[in-house]
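Each remark here refers to the structure printed beneath this line.
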Amino acid sequence: MNAAAPLHGITVVELGHSVAAPFAGEILGDLGARVVKVEKPEGDDARKWGPPWWEGASAIFQSLNRNKLSVAVDLRDAQALARLRRFIIDEADIVIQNMRPGAAAAQGLGAAELTEAAPRLVYCNLGAFGAAGPLKDRPGYDPLMQAFGGLMSVTGEEGRLPVRVNTSIMDMGCGMWSVIGILAALLRRTATGRGCIVDASLFETALAWMTTHAATYQASRELPKRAGSGTTGIVPYRGYATSDGFLVVGAANDKLFALFAGVLGHPEWAEDPRFCTNPDRVAHQDALYRLIEETMATRSTAAWTQSLEAAGVPCAPLQTIDAVLAHPQTAALGMVQETPDGLLKLLGLPLSFDGERPPIRRRPPALGEHNAEILGESP
């Protein structure tokens with residue numbers, strides 16, 4: 001078996017839409033599984049999340065649905081539903097679903113019913129608020145969870161409106177946690193012959209992203225503040241405006257701070273009682289950051305980068321996505337991959353096996369493209 005396709009021979013049915021379940025399905029497909037994406041007759045809503053459009057669908061949809069087969073199924077059609085259910089029971093190893101709460105069970109596609117009919121099945125629910133509790137039946141979306149889970153309370157800058165992280169990290173994080181759970185369940189199935197029900201949710205993902213903030217609050221009983229490009233508990237550890245751009249510097253310990261201060265032309269800062277240790281710097285961060293900001297603004301990003309790197313101080317300029325995609329490091333890693341038809345370039349799986357990154361085997365599917373192959377019917 002190809003080392004870069006460890007899930008070859010595994011069949012996944014994705015009862016998913018939008019981001020969370022499709023991202024989980026894409027990861028499993030990248031790992032070599034056969035992923036059957038079940039869409040409503042009008043298609044996954046994400047197909048219409050544009051512009052921009054890219055080779056027949058939104059760029060967002062295309063980025064989340066490679067290495068999949070698409071079947072379009074009207075779940076209100078009893079015969080179509082029965083064919084889908086039979087395919088799952090006979091052939092699927094994994095089901096992932098993020099339909100609205102209760103919808104899968106109402107169609108006979110819920111975890112309890114399908115795992116009873118096929119005990120080997122690993123069935124993963126990707127919900128909004130989780131499998132228990134007073135909010136378990138509520139729907140939810142990424143920005144709602146960034147607010148409700150607390151992330152927006154610590155993102156952005158003090159004194160300004162809360163800011164959403166402009167990546168669907170609750171959705172995508174939930175998809176990643178789902179895959180971790182599914183792989184663990186598959187490993188256990190190898191030993192026991194039985195699958196299980198895996199539950200993940202956007203809210204639980206939000207709580208996981210708040211791990212360090214929850215700990216610092218419980219230790220201090222002080223609400224964490226928004227830190228802009230910085231973080232809590234480490235100073236100096238953030239970005240600064242230069243004469244022509246923005247540069248992030250990670251002087252995360254006393255040695256690095258002394259080196260940073262030296263590059264800035266102020267080695268005496270490392271001996272200043274306010275700044276000698278990290279706790280000192282945290283206590284006096286406003287004063288220290290003002291000093292650093294004044295100095296950083298006097299030179300260009302490239303000039304500071306050269307000096308800091310020569311001194312061994314970690315730093316990175318702010319790059320926009322065009323620069324990221326064009327960077328030699330991105331090229332060296334082979335993260336940008338083409339679909340087999342050469343029409344799409346997508347970011348690949350951020351994993352390699354024995355030095356080989358799993359390739360894109362299939363371009364994102366057209367709606368219902370594989371109905372005949374999977375269900376023996378036309379879309």
Side-chain angles (χ1 to χ4, degrees), residues 16-27 44-50 52 58-61 63-65 96-101 124-181 198-234 237-239 246 248 318-321 324 347 350:
H17 62 89
S18 301
V19 178
F23 190 56
E26 181 169 87
I27 295 170
D44 186 333
D45 290 343
R47 287 184 179 273
K48 303 178 183 68
W49 285 353
S58 78
I60 295 172
F61 176 87
S63 74
L64 296 168
N65 287 285
I96 52 180
Q97 76 86 14
N98 70 336
M99 300 168 70
R100 73 180 188 276
C124 182
N125 296 302
L126 295 84
F129 286 94
L135 303 182
K136 66 181 180 63
D137 293 326
R138 282 196 188 180
Y141 298 94
D142 185 276
L144 279 64
M145 292 305 167
Q146 290 202 31
F148 191 81
L151 188 65
M152 287 176 67
S153 74
V154 297
T155 303
E157 298 176 335
E158 279 296 305
R160 306 186 72 175
L161 289 174
V163 175
R164 174 183 179 266
V165 177
N166 194 16
T167 292
S168 294
I169 61 170
M170 301 307 177
D171 286 325
M172 298 175 76
C174 183
M176 292 172 65
W177 281 116
S178 298
V179 171
I180 293 169
V198 177
D199 287 296
S201 73
L202 304 185
F203 182 52
E204 289 165 285
T205 299
L207 293 174
W209 292 145
M210 294 298 288
T211 292
T212 58
H213 297 294
T216 56
Y217 166 70
Q218 291 179 98
S220 68
R221 292 298 162 181
E222 295 181 3
L223 290 174
K225 296 181 178 179
R226 299 187 184 98
S229 63
T231 191
T232 300
I234 307 174
Y237 196 72
R238 53 168 256 195
F246 195 79
V248 175
L318 173 66
Q319 294 195 110
T320 51
I321 189 60
V324 174
L347 286 171

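The figures here come from the full heavy-atom set of this structure, side chains too, leaving out hydrogens, waters and symmetry mates. Computed from a prediction, not measured in an experiment: that's the story for all the values here.
Residues Leu207 and Met210 form no side-chain contact, since every pair of their non-hydrogen atoms from C-beta on lies 4.5 Å or further apart. Met170 places a side-chain heavy atom less than 4.5 Å from the side chain of Leu151. No side-chain heavy atom of Leu318 sits less than 4.5 Å from a side-chain heavy atom of Val248. For the pair Trp209 and Ile169, the minimum side-chain heavy-atom distance is below 4.5 Å. Two residues are said to be in side-chain contact when any heavy atoms from C-beta on lie closer than 4.5 Å; Pro139 and Arg100 fail this criterion. At a threshold of 4.5 Å between non-hydrogen side-chain atoms, the residues Asp142 and Arg164 count as touching. With a 4.5 Å cut-off on side-chain heavy atoms, Tyr217 and Thr212 do not count as touching. Contact check for Pro162 versus Arg226: side-chain heavy atoms found under the 4.5 Å cut-off.
What you find for Ala21 and Gly16 is that their closest heavy atoms are CB-CA, 3.7 Å. Shown here for Ala200 and Ser178, the closest heavy-atom pair between the two residues is CB-OG, 3.5 Å. Scanning all heavy atoms of the two residues, the minimum distance from Gly228 to Glu157 falls at CA-CG, 3.9 Å. When all heavy atoms of Ser58 and Lys48 are compared, the pair lying nearest together is CB-C, 4.5 Å. Minimum heavy-atom separation, Phe203 to Phe129: CB-CA, 3.9 Å. The two atoms that bring Glu26 and Asn65 nearest to each other are OE2-N, 2.9 Å, heavy atoms only.
The OG atom of Ser18 sits 10.5 Å away from atom CD1 of Ile60, with the distance rounded to the nearest 0.5 Å. Taking CE from Met152 and CG from Leu161, the interatomic distance works out to 9.0 Å, rounded to the nearest 0.5 Å. Once rounded to the nearest 0.5 Å, the distance linking OG of Ser153 with CZ of Phe148 reads 12.5 Å.
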For Ile234 and Thr231, what are the C-alpha separation, side-chain angles and deciding distance, and is it a side chain to side chain contact (heavy atoms under 4.5 Å, CB included)? CA-CA 6 Å; Ile234 307 174; Thr231 191; 4.0 Å; yes
May I have the step-by-step check of side chain to side chain contact (heavy atoms under 4.5 Å, CB included) for Lys225 and Glu158, ending in yes or no? CA-CA 7 Å; Lys225 296 181 178 179; Glu158 279 296 305; 3.4 Å; yes
Could you check Met176 against Ile27 for side chain to side chain contact (heavy atoms under 4.5 Å, CB included), going step by step and ending with a plain yes or no? CA-CA 8 Å; Met176 292 172 65; Ile27 295 170; 4.1 Å; yes
Please step through side chain to side chain contact (heavy atoms under 4.5 Å, CB included) for the pair Trp177 and Ser201, ending with a clear verdict. CA-CA 9 Å; Trp177 281 116; Ser201 73; over 6 Å; no
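Heavy-atom neighbours of Phe61 CZ from other residues, nucleotides or ligands within 6.0 Å: above the threshold of 12. In this structure, Tyr141 places its OH atom where only 12 or fewer heavy-atom neighbours from other residues, nucleotides or ligands lie under 6.0 Å away. Remark: Arg160 CZ is loosely packed, at most 12 non-hydrogen atoms of other residues, nucleotides or ligands lying under 6.0 Å away.
Although no hydrogens or angles enter the test, the distance criterion places a donor-acceptor pair under 3.5 Å between the side chain of His17 and the main chain of Asn98. Within the 3.5 Å criterion, the main-chain N or O of Gly239 finds a donor-acceptor partner in the side chain of Ser229. Not one N or O on the side chain of Ser168 forms a donor-acceptor pair closer than 3.5 Å with the backbone of Asp171. In terms of modelled atom types and a separation under 3.5 Å, the side chain of Asp199 and the main chain of Leu126 share no donor-acceptor contact.
In this model, a donor atom of one side chain and an acceptor atom of the other lie less than 3.5 Å apart for Asn125 and Gln97.
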